[in-house]
Participant: 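Got a structure here, written out as structure tokens. Questions coming.
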Amino acid sequence: MKSFTTHTGLVAIMDRANVDTDQIIPKQFLKRIERTGFGEFLFWDWAKLDDGSPNPAFELNRPEAQGASVLVARRNFGCGSSREHAPWALEDYGFRVIIAPSFADIFYNNCFKNSMLPIRLSEELVDKIFSQAAKRVDYRLTADLENCTLSDEHGFSTSFEVDSFRQHCLLNGLDDIGLTLEHEDKITAYEQAQGIGVS
Amino acid sequence: MKPRTLFQKIWDNHIVHSEEGRQTILYVDLQLVHEVTSAQAFEGLRLEGRTVRRPNRTIATADHNIPTTDRSLPIADEVSKKQIDTLRDNCKEFGIRHYDLDDPNQGIVHVIGPELGYTQPGMTIVCGDSHTSTHGAFGALAFGIGTSEVEHVLATQTLLQSLPKTLELRVDGQLSPGVTAKDLILYLIGQITTDGGTGYCIEYTGEAIRALSMENRMTVCNMSIEAGARSGMIAPDETTFEYLRGRQYVPEDFEAAVERWKKLPTDEGAEYDKSLKFAAAEIAPQVSWGTNPGLVASVDGKVPTPSDYSDPTDQKTVANALAYMGLKGGEPITDLKIDRVFIGSCTNGRIEDLRAAATVAKGHKVSDHVDAMVVPGSGQVKRQAEAEGLDLIFKEAGFEWREAGCSMCLAMNPDKLSPGERCASTSNRNFEGRQGKGGRTHLVSPAMAAAAAVAGHFVDIRDFV
Ligand code: SF4
């Protein structure tokens, strides 16, 4: 897995609550058996008009959002289906940081497995970012995972919370399976105690 | 010992390793696998040269992507076919029991696990699917995971987990006639909202829950994720044991297992992180009107307007939902005219659901402006329904009768809504485009869906004769 230490990037704002994974990556794209290449289908039903051309009204299609790598949205981002295709699509599109007042649990978890940093901030702070971004062109934020801070170049700075183990894994790009297998003897001991075997 | 909740007992029983500042390594008793979220996990194993640690703790089926029409014909969609073939090949390569398309026990993964007796009280169960919460109806800790985690479980038979909080939803008293488990869970989600359960494992308790059959308990637990909770559970009791007795994969010494399972329910005096109480008598049949499962109304109520909400984000959500659903707000629910009806899914595709719908449909005709379909949740459900003659009742009334699968619950296969079509659906999600781009989904119980099919619009099942 790729590591994540700090990231500075252009901010795209999405003024919507309860953005579900069916929107992030609609089901017609879940038939593929690869892990990559989902970026072009991100938010498909919102991003495209009926004839398949880009919908100019959609947030991420606006000129000022081009090249964005930090996404800011309202509460309960990523709810619904467990499909990891959602973080795959966001990552493939170019997002590295997602900020919202709250995330759905499975989505939140899936982000860390794909070298993306989801950041929970209060509704007030998210509001503040929305108004900052609305005021400026080329509004950028820097997320520093080591120090757990989020800041811009105009005096905004805040800290955020992240589980220390997840932080450690993401900073070092550690593979969960490898980590768990360091405890393989304990898994075997558990199975023996429970009478779990191959048959 | 300190009194513990059902959740705490199962969690404690499955700790392989825990240490300060780390996620717990939790043992997984059973993993269910389907075609859409597994291919990349198996590929990951191959790339790292890893194997499946416990193939006998893993079962697979194809359900999401498959046609529900004649199975003897080749699958027309090449990309779907490849995904289904890939699952078959992966199961063969890694030695996993696969309920393939031609298997009599094929079906929706959350329907076949319980009906084959794989799902048992006290287990930890995972699947790359958010509705894994269904299996919590048996007093199991069951939750959906992402594909990276599917790979983790295949390789290690464990999962890294942070301890969730516990939320008790207690429903006292009795449901009124005509009000079902589906109405109960839609009502609860409406009350606590779609993120009310985020970070929690829900335990449903109270008289109204205890009175539910296993099928109905599964309907309730299934939709826990729609309230934001990864898992929802109900303590095992005689209803649970009776359902499981005699099923194919239950423990050989069943009575000894029952004695163990009886120790699982939450102890007197155990504490939840949060408890909420509801009165069953206040629940009316529910119809969702918006684009998330928390946007519901009683069938005798009206579609709300944004000004009924105070929070600006809620107002915006409601305005967007109304626009998508083609509603102005203020319409009586029973005035909503429908084009399609879908009866099926892992929420309401079990035998009792089909019986409830057939009871309503019997002797009636589907309204001539409505297309209605019934999709059994599994091959077993289909055969049982046919043995009882339910298929004939549906066909005579003008419903289509299909093969088992997810079908129009998520419309990955050819079953889908056209833009603007309004559908009464017994599934669990009314997200934009869920049943087809531009399609408008209203979530209801099987009886309410059947009644709407006949009337051509929503009707209060309590008035339906
Ligand atoms: S029936 Fe619907 S919700 Fe259930 S597993 Fe299939 S697609 Fe998912």
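None of these values were measured; they are calculated from a predicted model. Sequence lines set the chain letters: A, B, ... in the order given, protein chains first and strands last, and positions in each chain run from 1.
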Participant: Is Asn413(B) close to chain A through its backbone or its side chain, or both, or neither, when contacts mean heavy atoms under 4.5 Å?
Facilitator: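 Contact with chain A involves no heavy atom of Asn413(B) at all.
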Participant: Taking all non-hydrogen atoms of both residues, which atom of Ser81(A) and which atom of Ser130(B) are closest, and how far apart?
Facilitator: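 Closest heavy-atom pair between Ser81(A) and Ser130(B): CA-OG, 3.7 Å.
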Participant: Looking at side-chain heavy atoms only, is the closest gap between Arg50(B) and Leu181(A) below 4.5 Å?
Facilitator: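 Touching, per the 4.5 Å side-chain cut-off.
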Participant: Determine whether Ile33(A) and Glu43(B) make a side-chain contact, defined as any pair of heavy atoms from C-beta on separated by less than 4.5 Å.
Facilitator: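 Of all side-chain heavy-atom pairs linking Glu43(B) with Ile33(A), none is under 4.5 Å.
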Participant: State, without any angle test, whether Thr193(B) and Arg75(A) hold a side-chain donor-acceptor pair at a distance under 3.5 Å.
Facilitator: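 Distance-only check fails for Thr193(B) and Arg75(A).
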Participant: Checking Lys186(A) side chain against Val16(B) main chain: does a donor-acceptor pair fall under 3.5 Å?
Facilitator: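 Judged by distance alone, no pair lies under 3.5 Å.
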Participant: Looking at Glu19(B), I want to see if its CD is surrounded by more than 12 non-hydrogen atoms of other residues, nucleotides or ligands under 6.0 Å.
Facilitator: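 Atom CD in Glu19(B) is packed in, count exceeds 12.
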Participant: Considering only heavy atoms and a distance below 4.5 Å, find which of Asn13(B), Thr291(B), Asp29(B) pairs most often with chain A.
Facilitator: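 Going by pairs under 4.5 Å, I would pick Asn13(B).
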Participant: Between Arg230(B) and Asp105(A) (salt bridge meaning N to carboxylate O under 4.0 Å), is one present in this structure?
Facilitator: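 No.
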Participant: Please state whether the side chain, the backbone, both or neither of Ile145(B) comes within less than 4.5 Å of a heavy atom of chain A.
Facilitator: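 Backbone of Ile145(B) only, per the 4.5 Å heavy-atom cut-off to chain A.
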Participant: Check the pair Gln40(B) / Trp88(A) against side chain to side chain contact (heavy atoms under 4.5 Å, CB included), numbers first and verdict last.
Facilitator: CA-CA 11 Å; Gln40(B) 295 87 348; Trp88(A) 293 338; 3.6 Å; yes
Participant: Side chain from CB out, backbone as N, CA, C, O: work out which of these in Ala411(B) comes under 4.5 Å of a heavy atom of chain A, or both, or neither.
Facilitator: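 Ala411(B) touches chain A through backbone and side-chain heavy atoms alike.
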Participant: Would you call Arg22(B) and Asp163(A) a salt bridge, using N to O less than 4.0 angstrom?
Facilitator: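 Salt bridge absent between Arg22(B) and Asp163(A).
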Participant: Check Arg429(B) with Asp20(A), please: is the shortest side-chain N to carboxylate O separation under 4.0 Å?
Facilitator: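 Salt bridge absent between Asp20(A) and Arg429(B).
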Participant: Tell me which of these, Thr313(B), Thr37(B), Val150(B), has more heavy-atom pairs under 4.5 Å with chain A than the rest.
Facilitator: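 Maximum pair count with chain A is reached by Thr313(B).
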Participant: When you check the side-chain N and O atoms of Glu84(A) and Ser148(B), is any donor under 3.5 Å from an acceptor?
Facilitator: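 Per modelled atom types, Glu84(A) and Ser148(B) side chains form a pair under 3.5 Å.
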Participant: Heavy-atom cut-off 4.5 Å, strictly under: side chain, backbone, both or neither for Tyr108(A) against chain B?
Facilitator: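 Neither part.
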Participant: Measuring only between side-chain heavy atoms, which start at C-beta, is Asn110(A) closer than 4.5 Å to Glu149(B)?
Facilitator: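 The answer is yes, as the side chains (C-beta and beyond) meet within the 4.5 Å cut-off.
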Participant: Would you sort out whether Arg54(B) and Ile187(A) count as a side chain to side chain contact (heavy atoms under 4.5 Å, CB included), showing the intermediate values?
Facilitator: CA-CA 12 Å; Arg54(B) 293 280 171 232; Ile187(A) 303 176; over 6 Å; no
Participant: Taking side chain as C-beta onward, heavy atoms only, is His152(B) less than 4.5 Å from Leu179(A)?
Facilitator: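 With C-beta onward as the side chain, the pair stays apart.
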Participant: For Asn65(B), does its backbone N or O pair with a side-chain atom of Lys27(A) as donor and acceptor, under 3.5 Å?
Facilitator: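 Side chain of Lys27(A) to backbone of Asn65(B): no pair is present.
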Participant: Is Thr198(B) in contact with chain A via its backbone, its side chain, both, or neither, using a 4.5 Å heavy-atom distance?
Facilitator: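 Both backbone and side chain of Thr198(B) come within 4.5 Å of chain A.
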Participant: Give the interface residues of residues 39-47 of chain A toward chain B, defined by a heavy-atom separation under 4.5 Å.
Facilitator: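 Contacts with chain B: Asp45(A), Trp46(A).
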Participant: Using a cut-off of under 4.5 Å for heavy-atom pairs, which of Gly80(A), Ala17(A), Pro26(A), Cys79(A) has the most such pairs with chain B?
Facilitator: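 If we count pairs closer than 4.5 Å to chain B, Gly80(A) comes out on top.
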Participant: Which atoms of Thr317(B) are under 4.5 Å from chain A, going by heavy atoms: the side chain, the backbone, both sets, or neither?
Facilitator: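 Contact with chain A is through the side chain of Thr317(B) alone.
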Participant: Give me the atom names and distance for the closest heavy-atom approach of Ile106(A) to Gly144(B).
Facilitator: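 Taking every non-hydrogen atom into account, CD1-O, 3.5 Å.
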Participant: I'd like to know if Glu191(A) and Arg57(B) make a salt bridge, using a cut-off of under 4.0 Å between side-chain N and carboxylate O.
Facilitator: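 Looking at Arg57(B) together with Glu191(A), the answer is no, because their closest N to O distance does not fall below 4.0 Å.
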Participant: Give a yes or no on whether the backbone of Gly146(B) and the side-chain of Lys113(A) come within a donor-acceptor separation of less than 3.5 Å.
Facilitator: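 Pair absent, no side-chain N/O of Lys113(A) close to backbone of Gly146(B).
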Participant: Go through Lys416(B), Met412(B), Glu48(B) and name the one with the most non-hydrogen pairs under 4.5 angstrom from chain A.
Facilitator: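 Option with the greatest count: Met412(B).
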Participant: At a heavy-atom separation under 4.5 Å, does Ser102(A) approach chain B through its side chain, its backbone, both, or neither?
Facilitator: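 When you check distances to chain B, only side chain atoms of Ser102(A) fall under 4.5 Å.
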Participant: Listed by residue number, which members of residues 77-85 of chain B have a heavy atom under 4.5 Å from any heavy atom of chain A?
Facilitator: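 Those residues of residues 77-85 of chain B which have a heavy atom under 4.5 Å from chain A are Asp77(B), Val79(B), Ser80(B), Lys82(B), Gln83(B).
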Participant: Side chain, backbone, both or neither: which part of Asp15(A) has a heavy atom under 4.5 Å from chain B?
Facilitator: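 Its backbone and side chain both get close to chain B.
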Participant: Evaluate the side chain to side chain contact (heavy atoms under 4.5 Å, CB included) criterion for residues Phe431(B) and Asn18(A): first the C-alpha distance (whole Å), next the side-chain angles of each, then the deciding distance (0.1 Å), finally the verdict.
Facilitator: CA-CA 10 Å; Phe431(B) 296 149; Asn18(A) 305 309; over 6 Å; no
Participant: Please classify the contact between Asp195(B) and chain A as side chain, backbone, both or neither, with a heavy-atom cut-off of under 4.5 Å.
Facilitator: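 Its backbone and side chain both get close to chain A.
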Participant: Is it the backbone or the side chain of Glu151(B) that comes under 4.5 Å from a heavy atom of chain A, or both, or neither?
Facilitator: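 For Glu151(B), backbone and side chain are both near chain A.
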Participant: Test side chain to side chain contact (heavy atoms under 4.5 Å, CB included) on Lys31(A) and His64(B); report intermediate values, then the result.
Facilitator: CA-CA 10 Å; Lys31(A) 297 176 183 176; His64(B) 281 66; over 6 Å; no
Participant: Select, from Arg32(A), Arg16(A), Arg83(A), Gln28(A), the one with the greatest count of heavy-atom pairs under 4.5 Å involving chain B.
Facilitator: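 So the answer, after comparing Arg32(A), Arg16(A), Arg83(A), Gln28(A), is Arg32(A).
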Participant: Below 4.5 Å, heavy atoms only, C-beta onward: do Leu160(B) and Phe165(A) meet side chain to side chain?
Facilitator: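 A side-chain contact under 4.5 Å exists here.
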Participant: Can you say whether Thr36(A) sits under 4.5 Å from chain B via the side chain, the backbone, both, or neither, judging by heavy atoms?
Facilitator: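 Neither part.
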Participant: I want to check something: taking the side chain as every heavy atom from C-beta on, are His14(B) and Tyr190(A) in contact at a cut-off of under 4.5 Å?
Facilitator: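 Yes, side chains in contact.
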Participant: Would you find more than 12 non-hydrogen atoms of other residues, nucleotides or ligands less than 6.0 Å from Asp12(B) atom CG?
Facilitator: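 Yes, the 6.0 Å shell around CG holds more than 12 heavy atoms from other groups.
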Participant: Between CG of Leu30(A) and CG of Leu410(B), what distance do you get to the nearest 0.5 Å?
Facilitator: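 Result: 7.5 Å between the selected atoms.
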